[in-house]
Peer 1: 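The following block contains the structure, expressed as structure tokens.
Quick note: numbers below take in every heavy atom, side chains included, and nothing from hydrogens, waters or symmetry partners. Residue numbers count from 1 along this sequence.
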Amino acid sequence: MLRQASRLLSRSVTAASSKSVTARAFSTELPSTVDSTFVESWKKVAPNMDPPQTPSSFMKPRPSTASSIPTKLTVNFVLPYASELSGKEVDMVIIPATTGQMGVLPGHVPTIAELKPGIMSVHEGTDIKKYFVSSGFAFLHANSVADIIAVEAVPLENIDASQVQKGLAEFTQKLASASTDLEKAEAQIGVEVHSAMNAALSG
């Protein structure tokens, strides 16, 4: 009985997995189609207006995935007011994701990662450039391109350790004396960011 049950379960799991793999394609992999019946009906009702477009009308095809893994990772690192890196080919990037430090190499699985305050390091041969980022997102694509968007970032060597210590003390005091939820939230953010900067400098 146990053997028969295990065989039936394995068959059902295999069938289900094969169905899930071939069930549907990505929307951007499907050819764009136009509902001619809808267009004709629309022209009868509103002959002077173009028929509305669906989101699929604006989608671009997914970028092609290389048959072999590239030797370099292409990085675009942008801020709201500047572009730090544009099409930079590097060996590796380590980003401070909310789930922990994430190393990104060429051929990394496509991922969207939220960034937390911490160090982002860009590795190019023996040269390592470090930035402190406050928050943001990293978009890792299948074609070995990484788009990193940060709210604020500064090269680590430009941070003044004495100012970090001063800011940490000020926000710690504000957190202790905060009387409203807004004051507590603002002070907590300040403590977390300055603590992360302090750890980055001491580490």
Side-chain angles (χ1 to χ4, degrees), residues 62-63 65-66 68-203:
R62 295 171 68 89
T65 303
S68 59
I69 297 176
T71 58
K72 295 289 184 178
L73 176 72
T74 303
V75 177
N76 300 307
F77 179 36
V78 296
L79 307 175
Y81 51 85
S83 175
E84 289 291 330
L85 300 174
S86 179
K88 181 74 171 179
E89 291 189 345
V90 301
D91 297 316
M92 179 178 65
V93 171
I94 300 178
I95 58 176
T98 53
T99 55
Q101 292 294 107
M102 178 185 294
V104 182
L105 294 167
H108 194 285
V109 62
T111 305
I112 298 177
E114 183 180 359
L115 305 181
K116 65 178 181 180
I119 294 179
M120 183 191 81
S121 58
V122 181
H123 299 249
E124 185 180 6
T126 58
D127 184 28
I128 302 176
K129 180 71 172 180
K130 293 184 178 181
Y131 298 87
F132 181 85
V133 298
S134 61
S135 59
F137 287 90
F139 301 88
L140 313 178
H141 307 285
N143 56 351
S144 294
V145 174
D147 293 323
I148 303 171
I149 297 92
V151 175
E152 186 61 79
V154 61
L156 193 61
E157 64 268 18
N158 293 351
I159 298 178
D160 188 341
S162 62
Q163 291 297 320
V164 172
Q165 293 288 346
K166 181 180 178 181
L168 180 58
E170 290 178 356
F171 279 106
T172 302
Q173 185 178 0
K174 288 181 180 180
L175 181 60
S177 60
S179 58
T180 65
D181 290 341
L182 178 59
E183 290 177 351
K184 291 179 181 178
E186 290 177 344
Q188 184 63 44
I189 293 173
V191 169
E192 291 178 358
V193 172
H194 283 77
S195 296
M197 284 193 288
N198 189 45
L201 292 172
S202 60

Peer 1: Any ring pair (Phe, Tyr, Trp, His ring centres under 6.0 Å) pairs touching residues 92-129, not counting sequence neighbours?
Peer 2: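 Qualifying pairs: none.
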Peer 1: Measure across D91 and L105 and return the closest heavy-atom pair with its distance rounded to 0.1 Å.
Peer 2: O-CD2, 3.6 Å
Peer 1: Give every residue pair that meets the ring pair (Phe, Tyr, Trp, His ring centres under 6.0 Å) criterion with at least one member in residues 167-193, sequence neighbours excluded.
Peer 2: F171-H194
Peer 1: Which atom names give the shortest non-hydrogen contact between P117 and F132, and what distance separates them?
Peer 2: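 In this case the closest contact between P117 and F132 is CB-CZ, 4.0 Å.
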Peer 1: Working to the nearest 0.5 Å, report the span between CD1 of I112 and NE2 of H141.
Peer 2: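 One gets 8.5 Å once the value is rounded to the nearest 0.5 Å.
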Peer 1: Any pair with a residue in residues 70-105 that passes ring pair (Phe, Tyr, Trp, His ring centres under 6.0 Å), sequence neighbours left out, goes on the list, sorted by first then second residue, please.
Peer 2: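 For residues 70-105: F77-Y131.
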Peer 1: Under 3.5 Å, is there a donor-acceptor pair between the side chain of T111 and the main chain of V109?
Peer 2: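 Present.
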Peer 1: The criterion is side chain to side chain donor-acceptor pair (under 3.5 Å); which residues satisfy it with Q165, sequence neighbours excluded?
Peer 2: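 Testing Q165 for side chain to side chain donor-acceptor pair (under 3.5 Å), a comparison that skips the adjacent residues, returns N198.
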Peer 1: I would like to know whether E183 and S179 meet side chain to side chain donor-acceptor pair (under 3.5 Å); could you show each step before the answer?
Peer 2: CA-CA 7 Å; E183 290 177 351; S179 58; 3.2 Å; yes
Peer 1: Check salt bridge (Lys or Arg N to Asp or Glu O under 4.0 Å) between E124 and all other residues, then give those that pass, not counting sequence neighbours.
Peer 2: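 Salt bridge (Lys or Arg N to Asp or Glu O under 4.0 Å) list for E124, sorted by chain: K88.
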Peer 1: Mind checking whether L168 and S195 have side chains closer than 4.5 Å, heavy atoms only?
Peer 2: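 Sidechains of S195 and L168: in contact.
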Peer 1: Counting only heavy atoms not in K166 (residues, nucleotides, ligands), do more than 12 fall under 6.0 Å from its NZ?
Peer 2: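 Count not over threshold, so no.
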Peer 1: Using every non-hydrogen atom in the two residues, find where A199 and S202 come nearest and quote the distance to one decimal.
Peer 2: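 Smallest heavy-atom distance, with atoms named: O-OG, 3.2 Å.
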Peer 1: Write down the atom of A97, the atom of M102, and the distance for their closest heavy-atom approach.
Peer 2: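 Shortest heavy-atom contact: CB-CE, 4.3 Å.
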Peer 1: Heavy-atom count check: over 12 atoms from other residues, nucleotides or ligands less than 6.0 Å from Q101 CD?
Peer 2: yes
Peer 1: Could you state the interatomic distance from CG (L175) to CD1 (I189), rounded to the nearest 0.5 Å?
Peer 2: 11.0 Å
Peer 1: Between S134 (side chain) and E152 (backbone), is there a donor-acceptor pair under 3.5 Å?
Peer 2: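 Side chain of S134 to backbone of E152, a donor-acceptor pair under 3.5 Å: yes, one is there.
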Peer 1: First locate atom CG of L156, then atom CD1 of I128, and finally report the distance between them rounded to the nearest 0.5 Å.
Peer 2: 12.0 Å
Peer 1: Can you list the steps and then say if L85 with K129 is a side chain to side chain contact (heavy atoms under 4.5 Å, CB included)?
Peer 2: CA-CA 11 Å; L85 300 174; K129 180 71 172 180; over 6 Å; no
Peer 1: Starting at OG of S121, measure out to CE of M92 and round the result to the nearest 0.5 Å.
Peer 2: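 Result: 6.0 Å between the selected atoms.
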Peer 1: Can you name the nearest heavy-atom pair linking I95 to A138, along with the distance?
Peer 2: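 For I95 and A138, the tightest heavy-atom pair comes out as CD1-CB, 3.7 Å.
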Peer 1: Checking the side chain of S144 only, and the main-chain atoms of L73 only, is there a donor and an acceptor separated by less than 3.5 Å?
Peer 2: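 The answer is no, because no donor-acceptor pair under 3.5 Å joins these two groups.
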Peer 1: Mind checking the CD1-CZ spacing from I148 to F139? Nearest 0.5 Å is all I need.
Peer 2: 11.0 Å
Peer 1: Rounded to the nearest 0.5 Å, what separates atom OG1 in T98 from atom CD in E114?
Peer 2: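 Rounded to the nearest 0.5 Å, the OG1-CD separation comes out at 5.0 Å.
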Peer 1: Does atom CG of D181 have more than 12 heavy-atom neighbours, drawn from other residues, nucleotides or ligands, at distances under 6.0 Å?
Peer 2: no
Peer 1: What residues form a side chain to side chain contact (heavy atoms under 4.5 Å, CB included) with S86, not counting sequence neighbours?
Peer 2: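 Expected list: N76, S83.
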Peer 1: Of all heavy-atom pairs between I149 and L115, which one has the smallest distance, and what is that distance?
Peer 2: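 Of all heavy-atom pairs spanning I149 and L115, the closest is O-CD1, 4.2 Å.
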